[in-house]
Each structure stands twice: as structure tokens, then as C-alpha cells.
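Chain identifiers are assigned alphabetically (A, B, ...) following the order of the sequence lines, protein sequences preceding nucleic acid strands; residue numbering begins at 1 within each chain. The basis for the numbers below is simple: all heavy atoms, side chains too, and nothing from hydrogens, waters or symmetry mates.
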Amino acid sequence: MANDENLAPGLNFIRAIIEDDIKAGKNGGRVHTRFPPEPNGYLHIGHAKSICLNFGLARDYQGLCNLRFDDTNPGKEDVEYVDSIMADVRWLGFDWAERLYYASDYFDRLYEFAEHLIRSGKAYVCALSAEQIRAYRGTLTEPGQDSPCRERPADESLDLFRRMRAGEFPDGAYVLRAKIDMASPNLNMRDPVLYRIRRESHHRTGDRWLIYPMYDYTHPISDALEGITHSICTLEFEDHRPFYDWVLDNLPVPCHPQQIEFARLNLNYTVMSKRKLLELVEKGFVRGWDDPRLLTIAGLRRRGYSPEAIRAFAETVGVAKRESMVDMALLEHCLREDLNRRALRRMAVLRPLKVVITNYPAGRVEEVDAENNPEDPGAGTRKLPFSRELWIEQDDFREDPPKKFFRLSPGKEIRLKHAYYIRCDEVVKDGAGNVVELRCSYDPESRGGWTKDGRKVLGTSHWVSAAHAVDAEVRLYDKLLSVPDPAAEKEERDFKEYLNPDSLEILKGCKLEGALAAAKPGEYCQFLRQGYFSADPDSTPERPVFNRSVTLRDTWAKIEKSGQGK
RNA sequence: UGGGGUGUGGCCAAGCGGUAAGGCAUCGGCCUUUGGAGCCGAGAUUCGGAGGUUCGAAUCCUCCCGCCCCAGCCA
């Protein structure tokens, strides 16, 4: 694994708890965590934070981390999701070895424990309907009322429970409930439901079960059976902790893990909830779960994010209990920081403008040396063909240059990276007045980008030899939403109304240097002066397709935007 | 008007009674064959507010205020 674990994680509050536990000899000094997704959707950057936290803790304290699927609600869950989740966790760089578990693996034991609870008078079968249970539960400020079934004798509950399992009753006829306290100020303690009847086929157990355990009942037991020491979950489960402890205190389980809650990750200009993600995918607002505009792990991967960058991000945002909204700029920074070190530099002209070097012989081709990565001399160099006709970026020429514009304009000289100085002598326009070609002259003495007289040039542009260029499609992405936080807008509107209409821009006829045609997904490169790009899975050598993962920082764009460049 | 949490610069986040780390972003400057990268520097007299304890408080106490979560047979 890369060395991002040297990032000095610092002591977040969870690490502090763990170190105290180790010092106190709790759990025999053992650290055992788990990542427990429900297989009902694709993983996103928020899950990545949890994955990095749980697996990172195990790594740093010589412990273990399990992968466990919390699959207690058939119908919502599917193998498609378990497969994608495993692939994503692996891609992120984590390994659960042989410790792959499913809550559904515990259905038999969960059932035995339920009978135990009934026998010890801690649970009863309730005949109230879902609506009645809600009514009996009371409200936030008023206590609930006992169910008429609450005092049902244990043997009667046991009999009913067995018949629930045997399929004697229709869905919803009965439910198994814990007997705790209907007047508890914590609603989760007002005789929560343990089991419900559900005639639904399960993706792993098929039709073997007709009753399914609830998350709140299943989770503590699963944790205990796996010997988990620290059960880390998100803030909304804080109120569930008393019940988590109640279950473990009332059952003969091997150990009593500690539940610890942290704040989930929020990022601006995007959506993270499964519901919204699913809606965007199903209604076709994006191309699928792996659409590069989505912060799903699959989307980030396709966008060209590296696992190293995502891990560094998870480390950098920290772990705390306060709800926060992290700036997307931090995620982008983490990608740039990783890729700057290792991405090979390549030349690619996205919006081409023809340049003809009038004093360069037609038909002549020479090769110039180009470094592959100035940050890493070990990356070596490559040869680039230079000829009379070239492509440069349209943005690199201005007929009427504003102040502080360092690039090419009539009569001005710039350097073509790694090649020669060129001067713009003439601007060729079409009938509509559009600039279609630049006639330039080059300084033969400036080969490599230096001149003997030492004269300086303000700008350096990337370029591609027209005769040698490879045509490609390049997809540019921008923020998914046009506002940082839809929930913070004055008027409450559906989040889809805040979708950024320009989140995807497809460029065709981009001109790439030859080496790029063979690029494969998962390889990272920098298009010089533009950003980091990665081949899309749609890409073929005959028809290359690239995704822009993130732009480079752009000082000129800032100057222009601030109005200084006028 | 129940319960559980949480409030430190624009965004994150350390700090746990001894006089406000760090990162991102921003703004200057240097450097530069990427207006990239790198380097240097700037910014909270102040920690939601008000009182109190103390030689000393972001840290302890009291009261107040804001924000988040909870009334699924979802997880």
C-alpha cells in the first residue's frame, strides 16, 4: 500500500478511546473493527471515510477489520451490490482476508437468542398492527402505552414465535418485541421490534426464512459473535446505543463490544444520500452508478481518482462528532497532490487552433526531447515530433491581448514547450471573422526552448504536431450541483433543480500526442497545463476517450475572473 | 414544552487549567521551459453568548442561545 498512512493521522477521539483501552488492557489489548454496509446500493466517498477509519484502525493497532454485509432486509438487497462493494473496498486498498461475513449467516443463532429472550421474559410476541404500535409508542414528549400483549406468558410467546417462523401467519400479523420500557424518554427503548414476518426471498438464504431480524437486534449480536471490540457507526445511531447495550447485557454473548459514533462526511456541491443517488441513476440524470460526476467509489474511479488520493482525503478530513460540510476543493487538492508526484506529463490540445510555421520546411519532421515528469527524473523522457503544422490551444492566443496575458498574440513571441520560440506574424480568419489559423515564424536557434541571447518569453504553450496528432474525445466534468448546499437555500426546492446543467462537457476532435492512444483506465496522466486525465473505459486505441479528473490550479483564470486581466 | 448530541478563522480540525497546532481555501512575494509544482510570508487579541471559580479558562461551574438526530414491522 502507498505511504499515505504516514500522514500522521493525529489522535482523533476514536483513537484516543482505543489507546486508552489498550493501556487499560481492555479486550486483552485487542483491536477488532468491522465495516458493515447493507448491500442495497453502491459505496460512495462517505463510505470510504468509514472504510479508511475501520481498516485504518486495525492496521495501525495491529488489529483486524471484518467486512460484514448487514443483510437483514431482503427485497432491498441484492448480490449486484455485494459484488460492487467488495470490488470497491479492494480497489481502495483494503483486505479483509478470510473475514467476510453476512448478518444472514447468523440467522440461526439470532433466532436461538430470540427464544432465549422470550424464555427469560425479555421479549414477547405482539399482535398489534404497525399503525397500532406507532400509536402505542407515544410521542417525543408523551410516554407510550403498554401493548395488550406485553404480559403474554413466555411459553405462549414462544409458541407464537415458532409458528411465525413456520409460516402459519401472514406478513405483519405478529411481531417479536423486546420488553423494556414504554415510558422511556428514548423512543428506541419503548419495546422495539426484534423480528417481523416477511415473505420475501433473501439473496443468500432464499426462502428459508419467513421472519427477519431487525438491524438494532442483529447488529450488537453480530459484533459480539465476531469478537468486535470497537463498533464504529455514524451519529444517528447514538440514540440506539442503549438498546445495543441492552441486547448484549441480556444475552449470553461472548463479549460486549463498544459502540462509538462519529459524524458522517458531507461535501458541498454534491449529493451523497443513497436515495438521491438512486434517483439520479434511475431517472437518467447521470449515466449510471459509475458516472464520473458522482462521488460513488465507482464514479471516482472512472473519473480518474486514485485510491491513494481518496485515502489521503479520508485521513485529512479527520474524525469527529460535529456535523460538517467539507469543501470539495479539499478532495481535489488530495488528487492533485498525489498525481503531481507520479502522473506522466503529456501534451494534448483540447480546443485546437492551427499554427503554421512559415519558415519551417514543409515535410520536415524532427524530434524534441520531453521530460515525462519534472517531479520525478526517474520517469525519463520521450521524443515528440515537431513539424511545420501544429495545433495549439485556442485559449493560448488572443488577437487583442488583455493586460497580464502572457500568451501568443500578433507580433508576440512565446515558447512551445520543449521545442522552439515562435512569433505570431499573421492571423488568418474565415468569412465570419473567426481566427482559423496563425502564421508564425520560429527561431531555429531556440531549439529545446532556450535562446543564446538569453531573451525571455513570458509564456510557454503546449502543442501537438498536426500530422502526428491522435484525435480523441475528452469529457470535462464540473460540479454536480450549482449550489454548495441545497438544504441551505432560502426556498426549499427539490435537489434536482440545483443540478448543474454544465456538469458535463464533451469535446470531440481533441488532438493528443501519440503515446496517449494506448492509455488505459487506471493510468493517470497530466495534460500539460490543463489538468489530470485518465482514459475512460469507453476508450479504445482507435477511438480514445479521456476524462478530466481535476483541473490544474489556474492562476490566469483567477486573474481574468477578478478583472485584473483587462 | 421529552431524550441524545454538537458549537474553535471562509471550510475542516488539534487543544483536556498555563496563555490558539496543522491542512484546504484566500491574499502577498520569490522562483519557474506547466500562469502547474516548489519556497517564503499574511491573517482568530480570540474559541456560540453572558456570568462565575482561579494568579491564570477554549479548557472547570452556572445560566442562556444556535444547529443536528430520534415517534420504520429501514439500515
Side-chain angles (χ1 to χ4, degrees), chain A residues 7-8 10-12 16 36-38 40 70-73 75-77 126 128-130 133-135 137-144 171-172 174-177 184-190 192-198 211-212 214-216 218-219 233-242 261 263 268 274 315-334 336-337 340-341 345 347 370-371 374-375 404-407 415-419 421 448-450 456-462 484 526-531 551-560:
Chain A
L7 276 177
L11 258 211
N12 61 53
E38 181 187 16
N40 69 344
D70 234 322
D71 54 351
T72 56
N73 189 9
K76 274 193 169 184
E77 299 152 5
C126 182
L128 255 28
S129 69
I133 286 182
R134 191 184 317 126
R137 187 154 31 225
T139 69
L140 294 177
T141 52
E142 304 157 39
D171 288 12
Y174 290 103
V175 93
L176 181 70
R177 292 227 259 169
S184 171
N186 181 345
L187 292 274
N188 296 296
M189 297 299 268
R190 318 241 263 228
V193 170
L194 267 24
Y195 269 89
R196 72 279 213 191
I197 303 173
R198 193 80 119 223
I211 57 174
Y212 290 94
M214 300 287 288
Y215 162 87
D216 279 320
T218 306
H219 211 83
C233 61
T234 42
L235 249 28
E236 65 270 28
F237 291 105
E238 225 153 9
D239 288 339
H240 297 230
R241 193 170 63 232
E261 310 86 7
N268 56 19
K274 248 172 211 175
E315 213 61 71
T316 305
V317 294
V319 178
K321 296 197 69 153
R322 77 180 81 121
E323 303 275 3
S324 60
M325 177 76 75
V326 175
D327 197 324
M328 188 66 79
L330 183 59
L331 213 211
E332 298 184 337
H333 162 80
C334 290
R336 291 191 188 105
E337 189 172 61
N340 176 51
R341 288 194 317 251
R345 272 54 170 178
M347 301 247 252
E371 62 193 351
E375 303 295 317
K404 295 188 179 178
F405 185 78
F406 299 163
R407 283 110 98 141
R415 169 169 41 231
L416 292 180
K417 180 86 175 172
H418 305 307
Y421 279 22
W450 304 98
K456 302 264 196 215
V457 97
L458 253 21
T460 299
S461 287
H462 56 281
Q526 181 193 102
F527 286 3
L528 216 67
R529 302 207 302 136
Q530 312 206 72
T551 62
L552 249 32
R553 292 189 64 204
D554 189 345
T555 306
W556 167 241
K558 260 182 223 164
I559 292 171
E560 258 200 316

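Going from the P atom of B:rC60 to that of B:rG17 covers 8 Å, rounded to whole Å. Of the P atoms belonging to B:rG15 and B:rU6, the separation is 14 Å, rounded to the nearest Å. For the C1' atom pair drawn from B:rC69 and B:rA37, the interatomic distance equals 44 Å after rounding to whole Å. Nucleotides B:rU19 and B:rU59, compared at atom C1', are 12 Å apart to the nearest Å. Nucleotides B:rC74 and B:rG66, compared at atom P, are 35 Å apart to the nearest Å. For the C1' atoms, the distance from B:rC47 to B:rC12 is 16 Å, rounded to whole Å. The same atom, C1', is picked in B:rC70 and in B:rA75; the two are 14 Å apart, to the nearest Å. To the nearest whole angstrom, the two P atoms, one in B:rU62 and one in B:rG4, are 15 Å apart.
You'll find a donor-acceptor pair under 3.5 Å spanning the side chain of A:Q526 and the base of B:rU34, going by distance alone. Between the side chain of A:R415 and the base of B:rU34, no donor-acceptor pair under 3.5 Å is found.
Side-chain N/O atoms of A:R553 include one lying less than 4.0 angstrom from OP1 or OP2 on B:rA37. At the phosphate of B:rG36, neither OP1 nor OP2 sits under 4.0 Å from any side-chain N or O atom of A:R529. Taking side-chain N and O atoms only, A:H462 has no distance below 4.0 Å to OP1 or OP2 of B:rU34. At least one side-chain nitrogen or oxygen of A:T555 sits closer than 4.0 Å to the OP1 or OP2 atom of B:rG36.
Taking atom CG on A:D554 and atom P on B:rU34, their separation rounds to 14 Å, with Å as the unit. A:E261 has its CD atom 13 Å from the C1' atom of B:rU6, to the nearest Å. Distance CG (A:L552) to C1' (B:rG35): 10 Å, rounded to an integer number of Å. One can place NZ of A:K321 at 18 Å from C1' of B:rA14, the figure rounded to the nearest angstrom. When the C1' atom of B:rG28 is taken as reference, atom NZ of A:K404 falls 12 Å away, rounded to whole Å. The nearest whole Å value for the distance from the CD atom in A:E332 to the P atom in B:rA37 is 13 Å. If you measure from atom CG of A:L11 to atom P of B:rA14, you get 10 Å, rounded to the nearest angstrom. In this entry the distance linking CG of A:D327 with P of B:rA13 reads 13 Å, nearest Å.
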Show the distances under 3.5 angstrom between N or O atoms of the protein and N or O atoms of nucleotides 39-42 of chain B.
none

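Among residues two or more places apart in sequence or in another chain, the side-chain contact (heavy atoms from CB on, under 4.5 Å) test is passed with A:R336 by A:E332, A:Y532, A:V550, A:T551, A:R553. Evaluation of the ring-ring contact (aromatic ring centres under 6.0 Å, His included) rule for A:Y174 yields A:F169 as partners, not counting sequence neighbours. In this structure A:A370 satisfies the side-chain contact (heavy atoms from CB on, under 4.5 Å) test together with A:R382, A:L384, A:H418, sequence neighbours excluded.
In terms of modelled atom types and a separation under 3.5 Å, the side chain of A:N40 and the main chain of A:E77 share no donor-acceptor contact. Side-chain N or O atoms of A:R190 include one that pairs as donor or acceptor with a backbone N or O of A:S184 at under 3.5 Å.
Side-chain contact between A:F405 and A:E560 is absent, with no heavy-atom pair separated by less than 4.5 Å. Put simply, the side chain of A:T316 does not reach to within 4.5 Å of the side chain of A:H333, judged on heavy atoms.
Taking the nucleotide of RNA chain B with the nearest heavy atom to each of A:E371 and A:A320, the more 5' of the two is matched to A:A320.
Among the atoms of the strands shown, base atoms are found under 4.0 Å from some heavy atom of A:R407. A:K558 comes within 4.0 angstrom of the backbone, heavy atoms only, and of no base.
RNA chain B contains the following stems of three or more consecutive Watson-Crick or G-U pairs, with both distances under 3.5 Å: B:2-7 with B:65-70, B:10-12 with B:22-24, B:26-30 with B:38-42, B:48-52 with B:60-64.
Of the residues listed (A:Q530, A:H462, A:R529), the one engaging A:M347 in a side chain to side chain contact (heavy atoms under 4.5 Å, CB included) is A:H462, and it is the only one.
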Reading nucleotides 69-75 of chain B from 5' to 3' and marking B where a protein heavy atom lies under 4.0 Å of the base, S where only the sugar-phosphate is that close, and - otherwise, the string is BBBSBBB
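Comment: A:E261 engages A:R241 in a salt bridge, judged by a side-chain N to carboxylate O separation of less than 4.0 angstrom.
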